[in-house]
Asker: 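Dumping the structure here so I can ask a few things about it.
Here, residue 1 is the first one in the sequence, and each next residue gets the next number. Below, all heavy atoms of this structure are taken into account, side chains as well, without hydrogens, waters or symmetry copies.
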Amino acid sequence: PSHLALLIGKAFPGVLQSNGILDRKALGARVFANLQERQALEAMTHPLIAQEMASRLQALAEQKVRMALYDVPLLYEKHLELGMQGVVVVWIPEDLQIERLMRRDGISLDFARQKIAAQMSLEEKKKLATWVIDNSGDLQQTEARVRERVRDFSRSSVEQRLCSIL
């Protein structure tokens, strides 16, 4: 098990499987039902995640990589967007978000709502985003929108796109 998995397993008994892998479903059920436990988990994991992100971004910069995507559910809540040159929000109407979350994770309506309520709404994130990808269609439509956005990024640097937007 990783150092982080061991730390989480010690703080939250019963969420580390015998093979050393976190039972993310059990951990999620626990922390989304208890705000104090969720805050404790975030206090434990977020500094390590931020450190890892900085390390990876530094390595990419040294390799002269022009663009990197960073998938962060709590980007705005933790003010991590401040270090980004732009933010892409993949948006979906809340009712469809709940439906897909329930289907993907095999969870109840109440638990899906709890998980979504723990984050800033996608409507708010959409207002703050530099770019928005509409995910309300089927998978092929969303993939086409992502490919289109990536082509846009490839045609010009993110900095040039930001300047033209501002």
Asker: Considering residues, nucleotides and ligands other than L35, do more than 12 of their heavy atoms fall under 6.0 Å from its CG?
Answerer: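 Buried by this count: over 12 neighbours within 6.0 Å.
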Asker: Would you give the length of the straight line joining atom CD1 of I107 to atom NZ of K25, rounded to the nearest 0.5 angstrom?
Answerer: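 It is 8.0 Å, given to the nearest 0.5 Å.
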Asker: Is there a side-chain contact between L16 and L22 (heavy atoms, below 4.5 Å)?
Answerer: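 Sidechains of L22 and L16: in contact.
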Asker: Give a yes or no on whether D138 atom CG has more than 12 heavy-atom contacts from other residues, nucleotides or ligands under 6.0 Å away.
Answerer: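 Enclosed: over 12 neighbouring heavy atoms sit under 6.0 Å from CG of D138.
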Asker: Nearest 0.5 Å please: distance from the CD1 atom of I8 over to the CE atom of M44.
Answerer: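 Rounded to the nearest 0.5 Å, the CD1-CE separation comes to 6.5 Å.
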Asker: According to side-chain hydrogen bond (donor to acceptor under 3.5 Å, both in side chains), who are the partners of D23, at least two apart in sequence or on a separate chain?
Answerer: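 By the side-chain hydrogen bond (donor to acceptor under 3.5 Å, both in side chains) rule, D23 matches no residue at all.
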Asker: What's the shortest heavy-atom distance between L96 and S136, and which atoms?
Answerer: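 Smallest heavy-atom distance, with atoms named: CD2-O, 3.5 Å.
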Asker: Hey, could you give me the CG/CZ distance between L41 and R38, rounded to the nearest 0.5 Å?
Answerer: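 It is 9.5 Å, given to the nearest 0.5 Å.
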Asker: Determine whether D105 and F111 make a side-chain contact, defined as any pair of heavy atoms from C-beta on separated by less than 4.5 Å.
Answerer: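 Not in contact.
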Asker: Between D110 and S108, do the side chains contain an N or O donor and an N or O acceptor separated by less than 3.5 Å?
Answerer: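 Note: D110 and S108 side chains miss the donor-acceptor criterion.
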Asker: Report yes or no: does Q58 contribute a side-chain atom to a donor-acceptor pair with the main-chain N or O of S55 at less than 3.5 Å?
Answerer: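 Checked: no pair found.
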Asker: Please find the pair of heavy atoms, one from Q141 and one from G137, that lie closest to each other, and give the distance.
Answerer: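 That closest heavy-atom pairing would be OE1-CA, 2.9 Å.
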Asker: Write down the atom of W131, the atom of G86, and the distance for their closest heavy-atom approach.
Answerer: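 In terms of heavy atoms, the two residues are closest at CZ3-CA, 3.6 Å.
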Asker: Could you pull out all residues at least two apart from E99 that satisfy salt bridge (Lys or Arg N to Asp or Glu O under 4.0 Å)?
Answerer: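 Partners of E99 by the salt bridge (Lys or Arg N to Asp or Glu O under 4.0 Å) criterion, ordered by chain and then number, come out as R103.
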Asker: Is there a path of hydrophobic side-chain contacts, each under 4.5 Å between heavy atoms of I, L, V, M, F, W or Y residues, that connects V87 with I49?
Answerer: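 Looking at the clustering, I49 is in the same group as V87.
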Asker: Might you point out which heavy atoms bring F12 and V31 nearest each other, and give the distance in Å?
Answerer: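 Answer, listing the atom of F12 first, then V31: CE2-CG1, 4.1 Å.
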Asker: Please report the interatomic distance CD1(I116) to CG(L122), rounded to the nearest 0.5 Å.
Answerer: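 Here the interatomic distance stands at 8.0 Å.
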Asker: Could you pull out the closest heavy-atom pair between R100 and I92, with the gap in Å?
Answerer: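 Smallest interatomic distance, heavy atoms only, reads NH1-CD1, 3.2 Å.
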Asker: What's the spacing between W91 CH2 and I133 CD1 if we round to 0.5 Å?
Answerer: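 The CD1 atom of I133 is 13.0 Å from CH2 of W91, to the nearest 0.5 Å.
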Asker: How about E94: does its CD atom have over 12 heavy atoms from other parts shown lying under 6.0 Å from it?
Answerer: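 Incorrect, the count does not exceed 12.
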Asker: Identify, with sequence neighbours excluded, every residue that meets salt bridge (Lys or Arg N to Asp or Glu O under 4.0 Å) alongside K127.
Answerer: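 For K127, the residues satisfying salt bridge (Lys or Arg N to Asp or Glu O under 4.0 Å) (neighbours in sequence not counted) are E124.
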Asker: Which atom pairs, one a donor and one an acceptor, fall under 3.5 Å between side chains of residues 72-84 and the rest of the protein, sequence neighbours left out?
Answerer:
unit_1 : atom_1 : unit_2 : atom_2 : d
Y76    : OH     : L128   : O      : 3.3
Y76    : OH     : A129   : N      : 3.4
E77    : OE2    : M120   : N      : 2.3
K78    : NZ     : E42    : OE1    : 3.2

Asker: Please give me the minimum heavy-atom distance between V132 and R149, naming the atom from each residue.
Answerer: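 Between these two residues, the closest heavy atoms are O-NH2, 4.4 Å.
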Asker: Please name all residues satisfying side-chain hydrogen bond (donor to acceptor under 3.5 Å, both in side chains) with R56, sequence neighbours left out, ordered by chain then number.
Answerer: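 R56 satisfies side-chain hydrogen bond (donor to acceptor under 3.5 Å, both in side chains) with E52 once adjacent residues are dropped.
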Asker: I need the I98 CD1 to K115 NZ distance, nearest 0.5 Å.
Answerer: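 If I round to the nearest 0.5 Å, the distance is 12.5 Å.
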Asker: Does M102 reach the side chain of L109, with side-chain heavy atoms less than 4.5 Å apart?
Answerer: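 Result yes, sub-4.5 Å side-chain heavy-atom pair found.
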Asker: A quick test of your reading: do over 12 heavy atoms of other residues, nucleotides or ligands sit less than 6.0 Å from CZ of R30?
Answerer: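 Atom CZ in R30 is packed in, count exceeds 12.
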Asker: Between H3 and L6, is any pair of side-chain heavy atoms under 4.5 Å apart?
Answerer: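 Contact flag for H3/L6 side chains = no.
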Asker: Would you say L4 ends up clustered with L27 if hydrophobic residues are merged whenever their side chains have heavy atoms under 4.5 Å apart, either directly or through other cluster members?
Answerer: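 L27 clusters together with L4.
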Asker: Who passes side-chain hydrogen bond (donor to acceptor under 3.5 Å, both in side chains) against S121, sequence neighbours left out?
Answerer: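 side-chain hydrogen bond (donor to acceptor under 3.5 Å, both in side chains) check on S121 returns nothing, list empty.
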